[in-house]
Number of protein chains: 2
Amino acid sequence: MKPKLTLKKIAKELDVSISTVSKALRDSPEIGEETREKIKAFARHYNYKPNNIALSLKNRKTKTIGIIIPEIVHHFFTTVISGVEKVANEMGYNVFVCLSDNSFDKEVLNMEMLANGSTDGFILSLAKETMQKGDYHHLKEAINQGMPLVLFDRVVEDIACDKVIIDDVAGAKKAVQYLHDLGCRKIALISTVDYVSVGKLRTKGYKEVLEENGLTFNDDLVLKIEEMDDSEAQIEKFLEGLDVDGVFAVNEHFAISAIKSIQEQGKKVPEDVSVIGFTDGELSKRFIPSLTTVSQHGMRIGEESARLLIEKLERTPSEEEYYKTIIVETGLVTRNSTKSKK
Amino acid sequence: MKPKLTLKKIAKELDVSISTVSKALRDSPEIGEETREKIKAFARHYNYKPNNIALSLKNRKTKTIGIIIPEIVHHFFTTVISGVEKVANEMGYNVFVCLSDNSFDKEVLNMEMLANGSTDGFILSLAKETMQKGDYHHLKEAINQGMPLVLFDRVVEDIACDKVIIDDVAGAKKAVQYLHDLGCRKIALISTVDYVSVGKLRTKGYKEVLEENGLTFNDDLVLKIEEMDDSEAQIEKFLEGLDVDGVFAVNEHFAISAIKSIQEQGKKVPEDVSVIGFTDGELSKRFIPSLTTVSQHGMRIGEESARLLIEKLERTPSEEEYYKTIIVETGLVTRNSTKSKK
DNA sequence: ACCTGCAACGAAAACGTTTTCGTGTTGAAA
DNA sequence: TTTCAACACGAAAACGTTTTCGTTGCAGGT
């Protein structure tokens with residue numbers, strides 16, 4: 001095990017000064033051709049690579065961006081990471097992935113770890129607990145310290161930073177309108193509690209479509225789920241004896257639980273009831289019947305987030321502040337859990 | 001936007017020396033109580049946090065471990081990351097996640113980026129392309145430079161490092177034996193090509209069970225898939241007209257494709273054919289029929305890997321070298337794609 | 001012979017820490 | 001009064017870079 005090669009060691013070995021070595025390797029015209037070649041040959045031969053940490057300290061930037069997500073065992077988030085990784089690598093950046101486990105404390109801790117020099121900026125989707133508490137002091141603090149921040153998916157209005165979101169309302173409307181177009185008139189909504197912004201927004205879209213089509217909103221047709229753990233049981237109970245011909249669920253798990261419950265009641269999907277989910281994962285594709293869903297394009301979201309962040313990182317500080325919100329449009333992937341249009 | 005607080009600034013503000021500030025904050029007895037309290041109060045009030053990069057440079061360790069995986073959009077790997085994150089955080093480490101996208105070049109690049117000071121050690125699962133090429137110079141180089149390395153899942157024998165694997169042979173045997181116990185006598189195998197070690201080992205387990213039970217190995221009952229892209233078509237073609245009563249597939253995708261093909265042939269799962277997969281993902285759980293699978297305990301694998309690595313990082317350099325291989329045992333999760341035992 | 005100017009290189013500061021080794025000031029023992 | 005710890009603190013080196021600003025040596029012009 002040989003210790004790492006440094007400029008100092010090269011300098012000593014070749015009997016020149018450290019500065020000469022550094023300049024030679026960076027092709028400075030200050031250094032004579034002969035010495036330069038000698039040094040470069042030596043460095044190449046012994047495979048010299050500059051120490052990133054020293055560079056970071058010197059340049060006051062790490063060429064690293066941190067991404068903090070609530071949970072990784074979730075197809076949507078992994079596609080986002082993929083997208084971030086992709087453009088980050090293209091631009092010469094590294095990616096630090098941290099998990100908040102949907103816990104406020106872990107989110108704060110993670111930010112503190114990364115904020116102390118490890119990272120040039122953040123990409124973040126808020127933990128559920130954070131949204132519930134409504135405590136965003138850690139975000140504001142980071143921004144105050146000059147750390148660029150990009151929020152995605154689970155964002156919150158009153159933070160001054162770039163954001164990348166999908167148009168939840170429009171996505172939901174697309175789905176519900178599609179159900180309506182299929183002839184469904186008794187459409188149920190299975191959503192999450194309102195403090196999760198997506199739950200709220202998708203509910204809004206649902207309501208709007210009803211209204212636009214002259215249907216009246218009926219509270220009995222709406223289920224809001226708080227505890228993911230027994231969502232399956234809640235959905236089964238909710239659907240039991242409920243007269244519906246369409247279901248819009250805000251994620252794939254809820255959609256699948258709904259299908260199961262409906263089938264257990266002896267009804268058929270999609271003949272008797274059409275079901276649409278949100279988020280396009282492996283599960284949706286392979287389930288039988290395969291799921292019609294609103295697709296979120298996580299990859300695009302990740303790419304856009306990374307681009308936004310890096311743009312902020314590399315602009316000259318003189319430029320004035322401005323914040324963008326990018327809306328990645330959703331798609332509707334029609335499969336076999338909805339009747340086919342005639 | 002106020003710039004970060006440093007020791008130097010505190011020192012100037014309080015009119016003491018940098019060393020005094022540093023010592024005071026670290027509770028050195030060298031500093032008088034009065035000054036110490038004054039400094040600590042100031043630091044607390046202005047929320048001083050030491051700069052990680054400077055610490056890393058000084059201590060020559062980053063308290064960061066890197067994990068490089070072939071693909072993140074894969075449930076197994078995300079559970080591994082979860083496990084790594086968990087114990088890493090407990091031990092005060094950060095986690096750097098990099099994706100090789102199953103490409104040799106990207107794997108090498110990633111390692112080089114992380115090896116230059118960004119990371120104290122690696123946790124790695126080899127890219128498919130790397131195993132195919134059989135080129136491991138980058139691993140050996142890292143080890144040579146004194147970077148501890150832990151290989152998991154897709155490992156290779158002749159690298160001197162810690163490893164965490166599952167007993168693929170035993171896992172496969174468990175599955176095939178289970179099929180045999182159910183009365184299956186014509187058991188098909190759907191596997192990957194042999195240069196992916198898991199494909200090879202699981203095939204081995206399959207063969208052993210046949211042998212142990214006096215069945216003869218039949219090449220017609222084995223499919224080896226190279227291209228994931230059209231695996232579904234290949235499986236359908238393979239199964240067409242094939243007389244089987246059991247299928248063992250080396251991952252959940254193959255298993256599900258098999259079930260679909262079988263059903264399309266008018267046969268029933270599990271009544272006519274029992275199917276077992278490998279790796280326990282969301283898909284296995286929610287598919288109908290839900291899948292009987294060999295579960296890999298990715299979380300455990302991640303935890304063990306992290307523990308192994310950190311152990312190496314924190315031991316005193318005097319201790320002599322030794323390498324462990326931890327085998328995480330597999331479980332058999334029985335669900336509805338296999339007949340129930342009477 | 002003297003200055004000028006350029007080419008080629010080195011010294012040193014800086015980034016933010018920690019730590020070793022002084023150094024000056026006390027108080028008490030001799 | 002002298003001497004010597006003990007105490008409280010500061011200077012400086014070190015980690016590995018980059019960069020600014022010297023400092024040489026030497027050729028060319030007068």
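Side chains included, hydrogens not; waters and symmetry mates left out as well; all remaining heavy atoms used.
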With respect to the phosphate group of [N], does any side-chain polar atom (N or O) of [X] fall under 4.0 Å of OP1 or OP2?
X     : N      : value
B/T35 : D/dC9  : yes
A/R60 : C/dG16 : yes
B/Y48 : C/dG16 : no
A/K8  : D/dA14 : no

Distance in angstrom units between [X] [atom1] and [N] [atom2], rounded:
X     : N      : atom1 : atom2 : value
B/I18 : C/dA14 : CD1   : P     : 11 Å
B/L55 : D/dG16 : CG    : P     : 15 Å
A/N52 : D/dC15 : CG    : P     : 18 Å
B/K38 : D/dA8  : NZ    : C1'   : 12 Å
A/I10 : D/dT17 : CD1   : C1'   : 12 Å
B/K12 : D/dA11 : NZ    : P     : 14 Å
B/I53 : D/dA14 : CD1   : P     : 22 Å

Subject >> By salt bridge (Lys or Arg N to Asp or Glu O under 4.0 Å) - contacts of B/K86 (at least two apart) >> reply: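 B/K86 satisfies salt bridge (Lys or Arg N to Asp or Glu O under 4.0 Å) with B/E303 once adjacent residues are dropped.
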Original post:
Who pairs with A/E30 by salt bridge (Lys or Arg N to Asp or Glu O under 4.0 Å), at least two apart in sequence or on another chain?
Top reply: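 Partners of A/E30 by the salt bridge (Lys or Arg N to Asp or Glu O under 4.0 Å) criterion, ordered by chain and then number, come out as A/K23.
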Subject >> 5' priority, DNA chain D, between A/N51 and B/V16 [closest heavy atom] >> reply: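 The residue whose closest nucleotide sits nearer the 5' end is B/V16.
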May I ask you to check whether over 12 heavy atoms, not counting those of [X], lie within 6.0 Å of atom [atom1]?
X      : atom1 : result
A/H137 : NE2   : yes
A/K61  : NZ    : no
B/E314 : CD    : yes

For [N], does the base pair up with any side-chain atom of [X] as donor and acceptor (N or O, under 3.5 Å, distance only)?
X     : N      : result
B/S19 : D/dA11 : yes
B/K58 : C/dT17 : no
B/K23 : D/dG10 : yes

Side chain of [X] only, please: which of [options] is the nearest?
X     : options                : value
A/L57 : D/dA14, C/dC15, C/dG10 : C/dC15
B/T20 : D/dC9, C/dG16, D/dT18  : D/dC9
A/T6  : D/dA12, D/dT17, C/dC15 : D/dT17
A/A54 : D/dT17, C/dT17, C/dC9  : D/dT17

Subject >> Sugar-phosphate, base or nothing in reach of B/L7, heavy atoms under 4.0 Å >> reply: base
Original post:
Under 30°, 30 to 60°, or over 60°: which ring-plane class applies to B/Y46 and B/F42, parallel, tilted or perpendicular?
Top reply: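 Ring orientation of B/Y46 relative to B/F42: tilted.
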Original post:
Under 3.5 Å, is there a donor-acceptor pair between the B/K63 and B/N52 side chains?
Top reply: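 B/K63 vs B/N52: no donor-acceptor pair found between side chains.
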Original post:
What residues in residues 25-34 of chain B put a non-hydrogen atom under 4.0 Å from any atom of DNA chain D?
Top reply: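 Residues of residues 25-34 of chain B that come under 4.0 Å of DNA chain D are, in numerical order, B/E30, B/I31, B/G32.
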Subject >> Six-ring centre of B/Y322, B/K312 cation under 6.0 angstrom, axis tolerance 45° >> reply: yes
